[in-house]
Amino acid sequence: WHWTMPVWFTEKDGFEKRENIKYFIRFCEYVASEFKDEVKFWIILNEPEIYASNSYFKDMWPPQKKSFILYLSVWQNLIESYCAVYKIIKKVQPNAQIGIAKNNIYFESYLNKFVNVWLKKFMDWWWNFYFLNQTKNYQDFIGLNHYFHNRINNFKFGQNENQKISDMGWELYPEAIYCVLKDLKKYNKPIYITENGLADAQDKNRKWFIEESLNNIHKAISENVDVRGYFHWSLMDNFEWDKGFWPRFGLIEVDYKTLERKRRPSSHIYEKIAKSNTIEIK
């Protein structure tokens, strides 16, 4: 589930209500039954924390119901939905590999001041680990979506240096993926990096970003973090939710008028790495 919902489900208040979970379970059971002979890996939910936060805490996405109570309710209902669907898929397909696509952020405590350390611990617990802790007995693997570094200083978040940024204004900080992978080691689960990339229409930073990110992933692997795979976001330019079509995440450029596809230069270095399964270690 990647946030879009049928109108009828939305009219029933979607994941705001615990009694609606049964519809999601029914849907997932049907899909798993239909595709059980063709699909081995299942990701039940994509970034549930992003949906709950942006839709019910930040008032950014539909249904734009800014309510801390609803935020917590949706968050808990998504946790319950995940665990229930995991059990259903295992009944349908016992050998299925089932996991989550979880957006984890590297929260950095600036200068290790006491207040910064405390805030980092809290944000790690709530944003990065709470969902995983509640569902850890229902994970065959962890899917990691990673984009953000967030430096904390004196109750202020986002105090980053921003030496390089993407077209979205997001800091490009490849070292962060090493840190979040190390944090996930405690779960003793295989890890697939299901999203990692940048919006870069001119392709000026993508080659550097890919190489540095993979070097940091390799560093984590060398320290016994069980990383099984990496998926760069994205293969082609895409529709980026509330931003529309302007952010260009793709290794392949898409002309939206003609639908012509053209490889960006960074795609060639990514192809070389993917084919050889090697990268120069720096």
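Throughout, numbering of the chain's residues begins at 1 and tracks the sequence.
Side-chain contact check for Glu223 and Tyr178: at least one donor-acceptor pair (N or O, by modelled atom type) lies under 3.5 Å. Tyr86 and Asn137 form no side-chain donor-acceptor contact under 3.5 Å, judged by distance and modelled atom types alone. No donor-acceptor contact under 3.5 angstrom links the side chains of Asn162 and Tyr173, judged on distance only. Looking at Glu108 and His149, their side chains do bring a donor and an acceptor atom within 3.5 Å of each other. With no hydrogens or angles considered, no side-chain donor-acceptor pair links Asn216 and Glu175 at under 3.5 Å.
The number of heavy atoms from other shown groups lying within 6.0 Å of CD (Gln202) does not exceed 12. For NZ of Lys40, the number of neighbouring non-hydrogen atoms (other residues, nucleotides, ligands) closer than 6.0 Å is 12 at most.
A centroid separation of less than 6.0 Å is found between the aromatic rings of Phe141 and Phe41. A distance below 6.0 Å separates the ring centres of Trp8 and Tyr23. Taking the six-membered ring where the residue is Trp, the centroids of Tyr256 and Trp246 are separated by 6.0 Å or more. When ring centroids are compared, Phe9 and Phe15 come within the 6.0 Å threshold. For an aromatic pair to be called close, the ring centres must be under 6.0 Å apart, and Tyr51 with Trp61 fails this. Remark: aromatic rings of Phe129 and Trp125 are distant, center separation not under 6.0 Å. Between Tyr56 and Tyr71, the distance separating the two ring centers is not shorter than 6.0 angstrom.
Nearest heavy atoms, Ala96 versus Trp42: CB-CD1, 3.8 Å.
At distances below 3.5 Å, at least one donor-acceptor pair connects side-chain atoms of Asn116 with backbone N or O atoms of Asn154. With hydrogens and angles disregarded, a donor-acceptor distance shorter than 3.5 Å links the side chain of Ser222 to the backbone of Lys219. Asp237 places a side-chain N or O within 3.5 Å of a backbone atom of Gly250 that can act as its donor or acceptor partner. Asn160 contributes a side-chain N or O that, together with a main-chain N or O of Arg151, makes up a donor-acceptor pair within less than 3.5 Å. Remark: side-chain polar atoms of Glu49 are paired, donor with acceptor, to backbone N or O of Asn103 under 3.5 angstrom. Proximity of a side-chain donor or acceptor of Ser109 to a complementary backbone N or O of Lys120 within less than 3.5 Å is not detected. No donor-acceptor pair under 3.5 Å is formed between the side chain of Asn46 and the backbone N or O of Ala101. Side chain of Asn150 to backbone of Gly158: a donor-acceptor contact under 3.5 angstrom is found. Using modelled atom types, no side-chain atom of Asn205 and backbone atom of Leu172 make a donor-acceptor pair closer than 3.5 Å.
Look at Lys164 and Asp200 and you find no salt bridge, because none of the NZ, NE, NH1 or NH2 atoms lies under 4.0 Å from a carboxylate O. Using a 4.0 Å cut-off between a side-chain N of Lys or Arg and a carboxylate O of Asp or Glu, Lys91 and Glu29 do not qualify as a salt bridge. Under a 4.0 Å N-O distance rule, the pair Asp183/Lys185 does not qualify as a salt bridge.
Ser33 pairs with exactly one of Ile89, Val92, Ile88 by the side chain to side chain contact (heavy atoms under 4.5 Å, CB included) rule, that one being Val92.
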| Going through the checks in order, is the ring pair (Phe, Tyr, Trp, His ring centres under 6.0 Å) test met by Trp241 and His2? | CA-CA 11 Å; Trp241 291 100; His2 200 150; 5.4 Å; yes
